[in-house]
Visitor: 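Dropping the structure in here first, questions after.
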Amino acid sequence: MESDKLEYILDHFKNPRNYGTIEDADFSYEEGIPSCGDVIRLDLRIKDNKLDDIKFSGTGCAISQASVSILTENVTGMEVNEVISFTDQDMLEALGGQVSPIRFKCALLGLTVLKKALIGKKAA
Ligand code: FES
């Protein structure tokens, strides 16, 4: 991994953006990876068909936590249809394209939770 991209990911892990919860969120969803026990929750607020606010919480490895932090920055302000069209590849590119395949599940957990939240799945 190139050092500037590693620094970028580490910065998001140490200083997560959009960490927290949204009271009375329009959509919320939480999902984990059973094999490691890590869990991410996302709360969303939609306004004028755009993702007006997004907050994440939960616990996980550095890659999963940095990825969801980076994801929240990328999708804030997007139209809902754009968010739904945000692909796994887009997520991996947002991470600098340097995450190894063995960590893809970590890198993509936040995006999985986001998509499920938007299709109306409810947090447990
Ligand atoms: Fe659990 Fe990365 S090891 S999400």
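Atoms within a ligand are numbered from 1 in the order they appear, just like the ligands themselves. All of these numbers come straight from a predicted model, not from anything done at the bench.
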Visitor: Asp53 side chain to Arg45 main-chain N or O, any donor-acceptor pair under 3.5 Å?
Guide: no
Visitor: In chain order, what residues pass the ring pair (Phe, Tyr, Trp, His ring centres under 6.0 Å) check against Tyr19, with sequence neighbours excluded?
Guide: Phe56
Visitor: Could you tell me which non-hydrogen atom of Leu44 sits nearest to which non-hydrogen atom of Ala117, and how far apart they are?
Guide: CD1-CB, 3.8 Å
Visitor: Hey, could you give me each pair passing salt bridge (charged side-chain N to carboxylate O under 4.0 Å, His left out) that has a residue in residues 67-87? Not counting sequence neighbours.
Guide: Arg17-Glu73
Visitor: List-wise, which protein N, O or S atoms are found short of 2.8 Å from atom 2 (Fe) of ligand 1?
Guide: Cys61 SG, Cys106 SG
Visitor: Side chains of Ser28 and Asp43: is there a donor and an acceptor less than 3.5 Å apart?
Guide: yes
Visitor: Taking side chain to side chain donor-acceptor pair (under 3.5 Å) as the cut-off, I'd like each qualifying pair that reaches into residues 87-96, sequence neighbours left out, listed once.
Guide: Thr87-Asp90
